[in-house]
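Supplied in structure tokens, the structure appears directly below.
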Amino acid sequence: MTERREVAAAALTQNGRLLIAQRTYPPELAGLWELPGGKVDEGETPETALSRELEEELGILCSVGSRLGSEVLLDHRYVLRAYRVVLLDGCPAAHEHSAIRWIELDELDAIDWVAHDREWLPDLAELLREE
Ligand code: 523
């Protein structure tokens, strides 16, 4: 079996808050909130791919750090992994999402998350507690 392709997602925190983004597609995920990110292209590392996605999707320059939480199998082709991310420059804007939000620890549970991202809620709670 060939290796699964990675989808990298950003746990971007600042001042005790986490950045989340609302998907516009596919229809079954539209309106749900995710950690922003995307597929790692051939020849990219997860870090370069995530930096590129964050620049394209949100117009920001970021530094991608260590892995957060467990990997999540999406299907037989893709594996989803989250990374701690620090904002270096810019102010995030929703170029490809319908909205973005900064949320606090006590808001995590009530968000209408994309199902796979829910796996990281305990890790995200810990990350926000450390902030
Ligand atoms: N997820 C997901 N959670 C999450 C992300 C970034 C992605 O469950 N935080 C899923 C949603 C899609 C798949 O991973 O099924 C690919 O993510 P997508 O569409 O954001 O990746 P892109 O932007 O690289 O995809 P295309 O440009 O549309 O090919």
Problem - Residue pair Leu88 / Cys62, side-chain heavy-atom distance below 4.5 Å - result: no
Exercise for the section: Establish whether Val114 and Leu124 are linked, either directly or via other cluster members, by ILVMFWY side-chain heavy-atom contacts under 4.5 Å. Expected result: no
Exercise for the section: For residues Leu128 and Leu108, determine if any side-chain heavy atom of one lies less than 4.5 Å from a side-chain heavy atom of the other. Expected result: yes
Practice task
Would you kindly confirm whether Leu35 and Ile100 end up in one hydrophobic cluster when ILVMFWY residues are joined by side chain heavy atoms under 4.5 Å apart?
Solution key: no
Practice task
Let me see the working for Thr48 and Ser51 under side-chain hydrogen bond (donor to acceptor under 3.5 Å, both in side chains), right down to the final yes or no.
Solution key: CA-CA 5 Å; Thr48 55; Ser51 300; over 6 Å; no
Handout entry: Any Thr13 side-chain heavy atom under 4.5 Å of Trp102 side chain
Key = no
Exercise for the section: Could you go through the side-chain contact (heavy atoms from CB on, under 4.5 Å) check for Asp41 and Arg5 one step at a time? Expected result: CA-CA 8 Å; Asp41 289 337; Arg5 186 167 164 197; 3.0 Å; yes
Problem - More than 12 heavy atoms of other groups within 6.0 Å of Glu126 CD - result: no
Completion exercise
Scanning both residues in full, the closest heavy-atom pair of His97 with Ala21 reads CD2-CB, 3.3 Å
Handout entry: Flag side-chain contact, heavy atom, 4.5 Å: Val79 against Val72
Key = no
Problem - Pairwise side-chain contact, Leu74 with Val7, heavy-atom cut-off 4.5 Å (strictly under) - result: yes
Practice task
Give a yes or no answer on whether the side chain of Trp113 reaches the backbone of Leu32 with a donor-acceptor pair at less than 3.5 Å.
Solution key: no
Problem - Ion pair Arg118/Asp112, N-O distance below 4.0 Å - result: no
Problem - Closest non-hydrogen atom pair between Ala8 and Val40, with its separation - result: CB-CG2, 4.3 Å
Handout entry: Min side-chain heavy-atom separation Arg4-Tyr78 under 4.5 Å
Key = no
Exercise for the section: With sequence neighbours excluded, tell me which residues meet side chain to side chain donor-acceptor pair (under 3.5 Å) with Glu71. Expected result: Arg81
Completion exercise
d(Ser98 OG, Trp33 CH2) to nearest 0.5 Å is 6.5 Å
Handout entry: Test: Glu107 and Arg101 ion pair at under 4.0 Å
Key = yes
Practice task
Provide the full list of salt bridge (charged side-chain N to carboxylate O under 4.0 Å, His left out) pairs with a residue in residues 7-33, sequence neighbours left out, each pair given once.
Solution key: Arg23-Glu34
Problem - Intermediate values then yes/no, side-chain contact (heavy atoms from CB on, under 4.5 Å), Leu68 and Leu127 - result: CA-CA 9 Å; Leu68 178 94; Leu127 185 65; 4.3 Å; yes
Practice task
State, yes or no, whether a side-chain contact exists between Glu56 and Glu96 at a heavy-atom distance under 4.5 Å.
Solution key: yes
Exercise for the section: Please answer: with hydrophobic residues joined when any side-chain heavy atoms are less than 4.5 Å apart, are Leu12 and Leu50 in the same cluster? Expected result: yes
Fill in the blank from the handout: Here the pair of heavy atoms bringing Pro46 nearest to Tyr83 is CB-OH, 3.3 Å
Exercise for the section: List for me each residue that meets side chain to side chain donor-acceptor pair (under 3.5 Å) alongside Arg84, sequence neighbours excluded, and say none if there are none. Expected result: Ser66
Exercise for the section: Give the cluster check for Leu19 versus Val64: same hydrophobic cluster or not, with ILVMFWY residues linked at side-chain heavy-atom distances below 4.5 Å. Expected result: yes
Practice task
From the options Ile60, Ile20, Leu58, select the one residue that forms a side-chain contact (heavy atoms from CB on, under 4.5 Å) with Pro36.
Solution key: Leu58
Handout entry: Within one Ile-Leu-Val-Met-Phe-Trp-Tyr cluster: Leu80 and Leu121, side-chain cutoff 4.5 Å
Key = yes
Problem - Salt bridge Glu44-Arg52, side-chain N to carboxylate O under 4.0 Å - result: yes
Handout entry: Test item: Leu54 and Leu87 side chains (from C-beta on) under 4.5 Å apart, heavy atoms
Key = no
